[in-house]
Amino acid sequence: MSRVPTTLMTGSSGEIGHGLIERLAAAGKPIVTLDVNPLAPALARKVRKEFTGSILDAQLLDRITAEYEVDCVFHLAALLSTRSEFAPVLAHQVNVEGTLNLLEFAQKVGESHGRRVTFFYPSSIAVYGLPTLAVKAAAGRVPEDAFNVPTTMYGANKLSCEHLGRYYALHYKQLSAGPAAGRVDFRGLRFPGLISAATAPSGGTSDYAPEMIHAAAKGEEYACFARPDTRIPFMAMPDAVDAILRLVAAPAARLTRSVYNVGAFAPSAGEIEAAVRAAFPAAHITTEVDEKRQAILDSWPADVDDCAARADWGHAPRYDFASACRDYLIPRIRERYAPNPQGP
Ligand code: AKB
């Protein structure tokens, strides 16, 4: 039993969790994690306790409530957009019911220790639904409150959880007697496609960008499922982790929204391919458009308007596309797959 203020991270063995655990552990934060998949051993050493299980397991959440004084939740667990289309009911269970469980968890632990619990939620550009390519081209950098009509189960789930979070933060049990009872300080970011040098994604629709780079570095063939003119926003993983930490650290009085767009760069699939070929001249990349996944990409914005994030809490991504490739992705991914000089 630990009464030290502790951070709970769900979905900790995923791509964002990987980078975030490193940064939180380096800052000396006690972390407990909850994921259906075990953490990589190097990460497991950085956390106080690793729970292997589901966010749908109420008993497991009760156990964490009893054992730890949680004052901050990073709720990263989710089924991504492509995977959710194959299992929409499961997606709703994990993405929405699971989030509701975590919001209730945060409310309960906040009630028990008497402080608000910071709750970070990664939303997505999937909450947008641009009806046609002409509208997408005319819309340009889309602000938070436009085109919130997603075509995917995942997008609908993310939008629904943004509303649930805002409800817990601002309107929880608004008809009960006495002062406001909400104990959840909900803060969300709508992430673009994320590209990490340390991990490869799975189950997303923005995966063509990281898949293309990782495949080229491994010397593998890659058939890109997106048309070369496909354009959606992307961000390098270190900037995504920075954005999370900046948002969570921002004084509540500075925040004008519960969920913010964050952008960094927005290359087309063809421009990504050109950058990969420049770095790996032997890359074997072809295009085999998957019309159904393409329709999802076409419904996502070409870029996002992140003025509110820049003004309210100083969103300032370090990497544009050229520097993300030159200074982060290419050297780190190259090193990751380089043959071991000591042999296998
Ligand atoms: C996905 O493709 O599902 C995610 C996202 C854009 O949220 N990477």
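Along the sequence shown, residues are numbered consecutively beginning with 1. One-based numbering, in listed order, for ligands and for the atoms of each.
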Honestly, is Arg293 close enough over Phe225, meaning NZ or CZ under 6.0 Å from the six-membered ring centre and within 45° of the axis?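 Judged by the rule, Arg293 and Phe225 form a cation-pi pair.
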
Do the numbers put Arg183 on top of the ring of Phe119, so that NZ or CZ is under 6.0 Å from the six-membered ring centre and no more than 45° off the axis?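 Judged by the rule, Arg183 and Phe119 form no cation-pi pair.
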
How close does the nearest protein non-hydrogen atom get to [atom], and which residue and atom is it?
{"atom": "atom 5 (C) of ligand 1", "result": "Ser124 OG, 3.5 Å"}
{"atom": "atom 2 (O) of ligand 1", "result": "Thr205 N, 2.6 Å"}
{"atom": "atom 3 (O) of ligand 1", "result": "Ser81 OG, 2.5 Å"}

For residues 268-282, which residue pairs qualify under side chain to side chain donor-acceptor pair (under 3.5 Å), counting only residues two or more places apart or in two chains?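 Passing the test, one end in residues 268-282: Arg231-Glu271, Glu273-Arg277.
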
I want to know whether His214 and Tyr222 have ring centres closer than 6.0 Å.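 His214 vs Tyr222: aromatic centres not under 6.0 Å.
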
Exercise answer: donor-acceptor pairs, residues 16-34 side-chain atoms, under 3.5 Å, sequence neighbours excluded:
| residue | atom | partner | partner atom | Å |
| --- | --- | --- | --- | --- |
| Glu22 | OE1 | Lys46 | NZ | 3.2 |
| Arg23 | NH1 | Asp242 | OD1 | 2.8 |
| Arg23 | NH2 | Asp242 | OD1 | 3.0 |

Is any N or O atom of Ser206, backbone or side chain, closer than 3.5 Å to an N or O atom of ligand 1?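 Ser206 vs ligand 1: N/O contact under 3.5 Å present.
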
Sub-4.0 Å atoms of ligand 1 with respect to non-hydrogen atoms of Gly204: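 It comes down to these atoms of ligand 1: 1 (C), 2 (O), 3 (O).
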
Give a yes/no verdict on whether any heavy atom in Phe191 is under 4.0 Å from an atom of ligand 1.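 Checking ligand 1 against Phe191, which is what was asked, there is no heavy-atom contact under 4.0 Å.
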
